[in-house]
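Below you'll find the structure, written out as structure tokens, and then a few comments.
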2 protein chains.
Amino acid sequence: MAVSGRGPRERMVFSAAQLIRRDGVTATGMRDVVAHAQAPRGSLQHYFPGGKRQLVDEAVAWAGRYAAKRVARFLDEMPEPSPSGLFAAMVRQWTDEYQTTGFAAGCPVAAATVDCAHGADATREAAAAAFACWSQPVAQALTEMGVPAGRAESLATLMISALEGAILIARAEQDVRALTTVAQELGPLLDAASRGRPFTPAEASAPAGGRET
Amino acid sequence: MAVSGRGPRERMVFSAAQLIRRDGVTATGMRDVVAHAQAPRGSLQHYFPGGKRQLVDEAVAWAGRYAAKRVARFLDEMPEPSPSGLFAAMVRQWTDEYQTTGFAAGCPVAAATVDCAHGADATREAAAAAFACWSQPVAQALTEMGVPAGRAESLATLMISALEGAILIARAEQDVRALTTVAQELGPLLDAASRGRPFTPAEASAPAGGRET
DNA sequence: GTCCGCCTATGACAACCGTCATAATAGCCC
DNA sequence: GGGCTATTATGACGGTTGTCATAGGCGGAC
């Protein structure tokens, strides 16, 4: 999980995202990024003349694009897509990581939002753009599943909100409980919106959507 | 909003929580805390021999107790309590702050979770305890509103997850949209659980729960 | 008075941070 | 080879961090 990207520049952006999501923005030093990326230190001021700000902003943007691509892949891999199934897949990505790799890291976009120095408006805007970039394919997928136009964006926001919050709680508790809980509780609501009809009590108590671990 | 608590010690804990939720843990310096609390610098090593760790941990614990007390106050102020009403009140607290004070600050517990150095297990445990302390009165309130025992804790986790995530997104976007959205979308689900019956489509499209701004 | 705790004041420490100045190297075109 | 650009190497700078050592003041106990 170390050097993957081709050029040193890509490697540094990737490493920055990984370190930020583990330690936060302020606690991540440029020398740490260089070491983690196994990149030459002199390349820093060459590729990122904007300094740490630029590196952080690009890392956040990269994370947003990565999240969007993940959503697309989840949809491709689903034989018969459903809102609860998509959400379960998004959640499962995190439960899998936490159960295999440990609870060391969270979401880089969340870290950047919480930890950006007051005055770093560019970083905050990058985080907002990342959320939008992530939310867009989710909302589009919901629409294609039959969710009315107005609801799709709202439900996408709800899904990402619940996921981000559950990641926080899971990390604090060192337990995936919060993640599996939100997937379970939100599934029926999401599926009901895609069918344009209300819950049945049976659905509410035994929700659909991918298996929980 | 500066010096409120009585002793210098309480003031420093309070100021630490305020600065942490604005700048993050690492970016908050002890000298900043002292200045913000208008406390004598020499008192730091006297009241907090455990150093920054101890101060941060106490600030997080304080935030957890504060959140729990807020929930209790919301319930007291509600003439006829409902799950969606409680959630709307919790959300409204944030929309109000963001619309009047600006989007400078987030949740201190979230900041501590994201930004705690790897090795500061005590801080992470403090964050987990804060989440538990906050979630407990919410779950109890849900139970008293008729939510089945098993569901109450799950829904409390869902509420806090969605709220925390929406706070993140709202801060990044500098817009309360995410907050009002989760309140709107989650309200009917919560109320349905308290009545033990499914949605009606009318509820789903025109959800109950406090007015949105 | 003297003593003894609590609290505060102050200055310094080593370590680290992001940034920069400067120079050396590598590769390619002509 | 000469020249040019892209990339890397290296060392230093000023600033800030958390922490500590040391000493001063202060209020009661006796």
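Every chain is numbered from 1 and lettered A, B, ... according to where its sequence line falls, protein lines coming before strand lines. Excluded from the calculations below are hydrogen atoms, water molecules and symmetry mates; all remaining heavy atoms, backbone and side chain alike, are included.
- For the pair B:F48 CZ and C:dC6 P, the interatomic distance rounds to 17 Å; values are reported in whole Å.
- The CG atom of A:L190 sits 9.0 Å away from the CZ atom of A:R151 when rounded to the nearest 0.5 Å.
- One interatomic measurement links the two molecules: NZ of A:K52 to P of C:dC17, which rounds to 9 Å at whole-angstrom precision.
- Among the heavy atoms of the strands lying under 4.0 Å from B:T28 are primed sugar atoms or P, OP1, OP2 only; no base atom is included.
- Rounded to whole Å, the distance from CG on A:D23 to C1' on C:dC17 is 15 Å.
- Put simply, CD on A:Q54 is 14 Å from C1' on C:dT19, counting in whole angstrom units.
- For B:R41 against C:dG11, a side-chain N or O and a base N or O form a donor-acceptor pair under 3.5 Å.
- A sub-4.0 Å separation between OP1 or OP2 of D:dA6 and a side-chain N or O of A:Y47 is absent.
- A:E58 and A:Q54 share a donor-acceptor pair across their side chains, judged by distance under 3.5 Å alone.
- Ring geometry, A:F131 versus A:W134: the interplanar angle falls under 30°, so the pair is classed parallel (tilted spans 30 to 60°).
- Each of C:dT8, D:dT19, D:dC20 was ranked by its minimum atom distance to the side chain of B:R31; first place goes to D:dT19.
- Between A:S43 and D:dT7 there is no side-chain polar atom (N or O) within less than 4.0 angstrom of OP1 or OP2.
- Here the C1' atom of nucleotide D:dT8 and the CG atom of A:L44 are 11 Å apart, to the nearest Å.
- Remark on DNA chain C: of its neighbouring residues A:Q45 and A:G29, the 5'-side contact belongs to A:G29, judged by nearest-heavy-atom nucleotide.
- The nearest whole Å value for the distance from the CG atom in B:L19 to the P atom in D:dG18 is 12 Å.
- Between A:D115 atom CG and C:dC17 atom C1' there is a gap of 14 Å when expressed in whole angstrom units.
- The CE-C1' distance, from B:M12 to C:dT8, rounds to 11 Å in whole Å.
- Taking the side chain of A:D32 as heavy atoms from C-beta on, and the options C:dC17, D:dG18, D:dA21, the nearest nucleotide is C:dC17.
- Between A:G42 and B:P49, the residue anchored closer to the 5' end of DNA chain D is A:G42, taking for each the nucleotide with the nearest heavy atom.
- Closest to the side chain of B:H46, from the set C:dC17, C:dC6, C:dA9, is C:dC6.
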Practice item. Starting from the C-alpha separation in whole Å, work towards a yes-or-no answer on salt bridge (Lys or Arg N to Asp or Glu O under 4.0 Å) for A:R177 and B:E153. Key: CA-CA 11 Å; A:R177 179 193 64 86; B:E153 289 186 12; 5.7 Å; no

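- Taking the six-membered ring where the residue is Trp, A:Y66 and A:W62 present parallel rings, their angle staying beneath 30° rather than reaching 60°.
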